[in-house]
Number of protein chains: 2
Amino acid sequence: MNIGQAAKHSGLSAKMIRYYESIGLLKPASRSDSGYRLYSNDDLHTLAFIKRSRDLGFSLEEVGKLLTLWQDRQRASSDVKALARQHIDALNQKITELTSLRDTLQDLVENCQGDHRPDCPILKDLESACCLNRAKAL
Amino acid sequence: MNIGQAAKHSGLSAKMIRYYESIGLLKPASRSDSGYRLYSNDDLHTLAFIKRSRDLGFSLEEVGKLLTLWQDRQRASSDVKALARQHIDALNQKITELTSLRDTLQDLVENCQGDHRPDCPILKDLESACCLNRAKAL
DNA sequence: CTTGACCTTCCCATGGGGTCAAGGTCGATT
DNA sequence: AATCGACCTTGACCCCATGGGAAGGTCAAG
């Protein structure tokens with residue numbers, strides 16, 4: 001199976017598959033006589049694993065670790081759990097930050113009349129460097 | 001005032017100030033005889049505006065629009081409000097996505113024993129391309 | 001034989017910065 | 001006057017993860 005088919009089946013782009021190979025996330029694919037990359041069903045399985053991990057928000061570095069754990073029959077599930085927990089923590093932090101930003105903006109929007117008069121509390125807030133106690137999130 | 005001082009007062013880095021100038025977000029600063037950038041109190045005000053907008057999560061492109069609106073005395077506050085609303089929507093979408101990912105991972109972690117036996121539902125889930133109905137978030 | 005779909009490698013771009021290098025300028029001390 | 005350290009200048013390259021596109025090779029169908 002050529003890279004285009006592998007891409008379709010895995011949900012990754014051909015570009016990404018080549019990139020993953022180039023950074024060592026994937027072992028170099030076998031090649032046809034003419035130099036085309038060839039993918040087996042096992043390879044497809046690995047590609048799907050990567051796709052799924054990426055969809056769950058793991059970085060490529062984390063995906064690499066997960067792949068190693070996946071391929072290691074002696075892996076301790078606690079390792080995987082730790083990696084997942086770490087990722088959950090990062091997600092939670094991001095969620096907290098974004099929520100705080102949203103709430104601040106929401107406050108500002110609610111105090112903005114939104115008509116055609118130029119008096120706008122949103123700009124007023126952005127303008128006032130003195131009142132940074134509203135949104136310390138970042 | 002030189003760029004270092006301006007950076008300290010605004011909370012931006014000198015590097016970022018130069019970058020903002022290079023992409024046209026800021027008007028070119030005036031220069032001393034020796035070529036150093038010079039910043040007035042008005043400039044500081046603008047830098048603080050940018051810092052605050054970035055802290056609220058606006059992209060540089062959005063910051064540019066906000067700056068224009070800020071400097072336009074005839075601006076309609078509805079324009080600003082629309083921009084803020086749009087940003088709130090984007091934040092909400094991101095929050096929803098991240099929350100969904102976190103919940104999926106949380107489920108997986110809760111079903112993982114985390115001991116030293118290699119049987120791990122997290123890897124099982126990542127492995128199974130057939131069961132993509134768990135986390136469709138991305 | 002030609003067409004068009006596919007493949008290859010290579011380079012460039014994104015955003016929002018960080019880091020480092022080579023050199024110019026400044027104020028203060030020796 | 002010389003020197004030192006702190007500051008400034010531009011420029012280049014790094015990160016992540018990916019998209020876009022150029023220039024050229026390969027393949028199967030018409």
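Chain identifiers are assigned alphabetically (A, B, ...) following the order of the sequence lines, protein sequences preceding nucleic acid strands; residue numbering begins at 1 within each chain.
The side chain of B/Met16 approaches C/dG18 more closely than any other nucleotide in the set D/dA17, C/dG18, D/dC7. Side-chain proximity of B/Ile3 to C/dT8, C/dG16, D/dC8: nearest is D/dC8. If you check D/dA17, D/dT9, C/dG17 against the side chain of B/Arg18, the one that comes closest is D/dT9. Comparing D/dA17, D/dC8, D/dT10 against the side chain of B/Tyr36 picks out D/dC8 as the nearest. Nearest to the side-chain atoms of B/Lys15 among the listed nucleotides C/dC7, D/dG11, D/dG20 stands D/dG11. Here the side chain of B/Arg37 is nearest to one of D/dG11, C/dC7, D/dT10, namely D/dT10.
Between the CG atom of B/Leu25 and the C1' atom of C/dG17 there is a distance of 14 Å, rounded to whole Å. Distance A/Glu21 CD to D/dT18 P: 16 Å, rounded to the nearest Å. The nearest whole Å value for the distance from the CG atom in B/Leu60 to the P atom in C/dG17 is 6 Å. A straight line from CD1 of A/Ile17 to C1' of D/dG19 spans 15 Å, rounded to a whole angstrom. Atom pair A/Glu62:CD and D/dC16:P shows a separation of 12 Å (rounding to whole Å applied). Atom pair B/Lys51:NZ and C/dG17:C1' shows a separation of 13 Å (rounding to whole Å applied). If you take CD1 of B/Ile23 and C1' of C/dT14, they are 12 Å apart, rounded to a whole angstrom. For the pair A/Gln5 CD and C/dC6 P, the interatomic distance rounds to 9 Å; values are reported in whole Å.
Proximity of B/Ser13 to the phosphate of C/dG18: a side-chain N or O atom is located under 4.0 Å from OP1 or OP2. Between B/Ser34 and the phosphate of D/dT9, there is no side-chain N or O to OP1/OP2 separation shorter than 4.0 Å. Between B/Arg31 and D/dC8, a side-chain N or O to OP1/OP2 separation shorter than 4.0 Å is absent. In terms of phosphate contacts, A/Ser32 brings no side-chain nitrogen or oxygen within less than 4.0 Å of OP1 or OP2 of D/dT26.
Distance alone, capped at 3.5 Å, is enough to place a donor-acceptor pair between the B/Arg54 side chain and the B/Phe58 backbone. In this structure, the side chain of A/His87 engages the main chain of A/Gly57 through a donor-acceptor pair within 3.5 Å. Under a 3.5 Å cut-off, the side chain of B/Ser100 and the backbone N or O of B/Thr96 do not form any donor-acceptor pair.
B/Arg102 and A/Asn92 are linked by a side-chain donor-acceptor pair at a separation below 3.5 angstrom, with hydrogens and angles left out of the test. Judged purely by distance below 3.5 Å, without hydrogens or angles, the side chains of B/Thr46 and B/Asp43 never pair a donor atom with an acceptor atom.
When Watson-Crick and G-U wobble pairs are counted only if both distances are under 3.5 Å, C/dT30 pairs with D/dA1.
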